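Let me begin by presenting the structure, written as structure tokens, before commenting on it.
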Amino acid sequence: MGGTQSEHKLILEDGRTRYDGRALDELRPVSIQAGVLRRADGSAYVEWGQNKVLAAVYGPREVHPRHLQNPARAIVQARYNMASFSVGERKRPGPDRRSQEISKIISEAFTSVVFVEQFPRTTVDVYMEVLQADAGTRCAGLTAASVALADAGVPMRDIVPAVASGKVEDVVVCDLNKDEDTCGQADVPCAILPRTGEFLLLQMDGHLTYDELMRAIEYNRRAAKVINELQKEALRKKYSIVTLQNNEITEQPPQEQPPQEQLEKAADAPVASNPPEGGA
Ligand code: ADP
């Protein structure tokens with residue numbers, strides 16, 4: 001929220017269309033890819049409008065230094081970083097107050113969604129690298145990291161989407177772009193657990209009335225559902241089985257694993273060609 005004056009009107013005369021052509025409640029184009037890095041346990045790449053973010057996950061693995069170990073649960077250490085070339089003016093490399101704050105809130109959000117009690121004394125390391133920034137990068141980073149965690153097979157309550165709505169020229173709009181963020185009046189990033197509607201992250205920068213805040217949250221809630229579908233689709237795509245049939249490539253969703261009980265029963269069952277005595 002720079003409070004800077006825009007060179008052009010960000011909300012057009014009709015009061016319903018934004019400068020980039022979007023409706024007030026419309027997201028920017030979003031694409032998500034799972035499993036893009038070979039060395040990481042899990043990874044994801046997100047393009048969200050002009051944002052480009054890569055996420056990688058390692059763990060659960062041993063904690064170093066060891067005094068950070070928690071005997072009761074895993075710790076989740078998220079690190080958000082903006083590349084020097086991610087913004088117009090070269091950004092000074094290394095952590096700053098802003099990236100430390102974002103890393104902290106994302107660590108806290110994931111600590112409440114990962115089943116940390118299952119992995120005492122370990123760490124789950126989550127890295128988010130912003131390659132190109134255009135507002136909403138903490139949400140794009142969290143969205144990518146959530147897919148990377150699922151790709152790494154880390155047990156979680158749900159896959160978490162995040163999105164930031166805000167206020168521009170006295171109008172509440174969904175998913176602010178850079179112009180809207182710089183010249184806008186407020187910014188409300190949220191991360192929402194789709195299954196329960198629980199908020200894992202809720203921040204507000206700027207001024208909003210109660211009604212405006214409720215509207216921004218409602219926009220976030222609706223947009224989060226769309227983002228969550230894209231996250232699940234990215235994971236489905238990575239784990240689908242590609243087969244060649246009649247010279248045509250067909251994609252199948254991953255096979256449902258039969259429950260362990262059924263497998264055990266099947267192993268104990270007599271083989272068809274050797275029926276039990278007295279059997280038909
Ligand atoms: P978010 O990216 O989550 O919206 P902010 O509201 O803090 O986080 O930042 C908004 C945008 O401002 C960023 O996405 C980025 O485009 C720009 N920005 C942030 N930090 C810097 C920086 N150090 N130098 C240049 N631009 C920056």
Side-chain angles (χ1 to χ4, degrees), residues 1-7 10 18-20 22 26-32 44-55 78-110 126-148 160-169 171-192 199-208 212-213 216-217 219-221 223-224 227 231:
M1 295 302 91
T4 317
Q5 200 66 32
S6 170
E7 289 165 9
L10 293 169
R18 293 147 79 174
Y19 185 71
D20 64 5
R22 281 186 291 159
E26 195 177 334
L27 276 163
R28 289 174 281 181
V30 179
S31 71
I32 306 177
Y45 174 65
V46 167
E47 286 194 2
W48 186 319
Q50 300 295 316
N51 290 317
K52 295 184 179 183
V53 184
L54 202 50
R79 199 196 74 157
Y80 164 102
N81 183 54
M82 274 172 96
S84 307
F85 51 79
S86 64
V87 286
E89 299 251 323
R90 175 181 177 275
K91 185 200 162 279
R92 198 158 166 249
D96 51 21
R97 279 175 67 100
R98 177 178 168 275
S99 65
Q100 283 175 19
E101 170 228 318
I102 296 175
S103 300
K104 181 175 182 291
I105 54 161
I106 294 180
S107 298
E108 287 169 1
F110 284 134
V126 180
Y127 298 94
M128 289 151 286
E129 293 291 326
V130 179
L131 308 177
Q132 189 167 287
D134 195 67
T137 56
R138 73 193 64 205
C139 293
L142 200 151
T143 298
S146 200
V147 175
V160 189
V163 60
S165 293
K167 184 163 93 164
V168 178
E169 294 173 0
V171 179
V172 177
V173 295
C174 181
D175 185 24
L176 304 175
N177 65 24
K178 182 76 175 79
D179 266 4
E180 293 170 337
D181 186 275
T182 312
C183 308
Q185 296 147 298
D187 180 16
V188 186
C190 292
I192 304 166
F199 282 75
L200 299 180
L201 181 152
L202 172 59
Q203 296 186 288
M204 189 172 105
D205 182 13
H207 298 277
L208 288 174
E212 287 168 343
L213 176 62
I217 288 176
Y219 280 170
N220 283 346
R221 224 190 264 278
I227 299 294
Q231 290 176 308

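Just so you know, ligand 1 is whichever comes first in the structure, and atom 1 is the first atom listed for that ligand. The basis for the numbers below is simple: all heavy atoms, side chains too, and nothing from hydrogens, waters or symmetry mates. Since the structure is predicted, the reported quantities are computational estimates derived from the model, not experimental observations.
When only non-hydrogen protein atoms are considered, atom 4 (O) of ligand 1 lies nearest to Gly136 N, 2.8 Å. Residue, atom and distance of the protein heavy atom nearest to atom 10 (C) of ligand 1 are Asp181 OD1, 3.5 Å. Of the protein's non-hydrogen atoms, the one nearest atom 14 (O) of ligand 1 is Ala135 N, 2.8 Å. The protein heavy atom nearest to atom 9 (O) of ligand 1 is Arg98 NH2, 3.6 Å. What sits closest to atom 18 (N) of ligand 1 on the protein, heavy atoms only, is Met82 CE, 4.0 Å. Nearest protein heavy-atom contact of atom 23 (N) of ligand 1 is Lys91 CG, 3.8 Å.
Of the listed options Asn177, Val87, Asp134, Thr182, Val87 places a heavy atom closest to atom 27 (C) of ligand 1.
In terms of N/O distances under 3.5 Å, ligand 1 is not approached by Tyr80. For Arg138, a nitrogen or oxygen atom sits less than 3.5 Å from a nitrogen or oxygen atom of ligand 1, counting backbone and side chain alike. At a 3.5 angstrom cut-off on N or O pairs, Thr137 counts as close to ligand 1.
Without hydrogens or angle criteria, Asp205 side chain to Asp187 main chain gives no donor-acceptor distance under 3.5 Å.
By the criterion of a heavy-atom distance under 4.0 Å, neither the backbone nor the side chain of Glu89 is placed next to ligand 1. The side chain of Lys178, and not its backbone, has at least one atom closer than 4.0 Å to an atom of ligand 1 (non-hydrogen atoms only; side chain from C-beta on).
Against a heavy-atom cut-off of under 4.0 Å, Ala133 is close to the following atoms of ligand 1: 14 (O), 15 (C), 16 (O). For ligand 1 and Asp187, the ligand atoms under 4.0 Å from any heavy atom of the residue are 6 (O).
Looking at Lys91 and Asp96, a side-chain N of the basic residue comes within less than 4.0 Å of a carboxylate O on the acidic one, giving a salt bridge. At a threshold of 4.0 Å, the pair Glu180-Arg22 counts as salt-bridged, since one of the basic side-chain nitrogens sits closer than that to a carboxylate oxygen. Salt bridge status for Glu129 with Lys52: absent, with no side-chain N to carboxylate O gap under 4.0 Å.
Residues Gln185 and His207 fail the side-chain proximity criterion, which asks for heavy atoms closer than 4.5 Å. Residues Val126 and Ile106 have side chains not in contact (no heavy-atom distance under 4.5 Å, counting atoms from C-beta outward). At least one side-chain heavy atom of Trp48 sits less than 4.5 Å from a side-chain heavy atom of Asp175.
Considering Glu101, Glu108, Gln100 as possible partners of Lys104, the one that fulfils the side-chain hydrogen bond (donor to acceptor under 3.5 Å, both in side chains) test is Glu108.
In the model, Asn51 has no side-chain atom that pairs as donor or acceptor with a side-chain atom of Thr137 under 3.5 Å.
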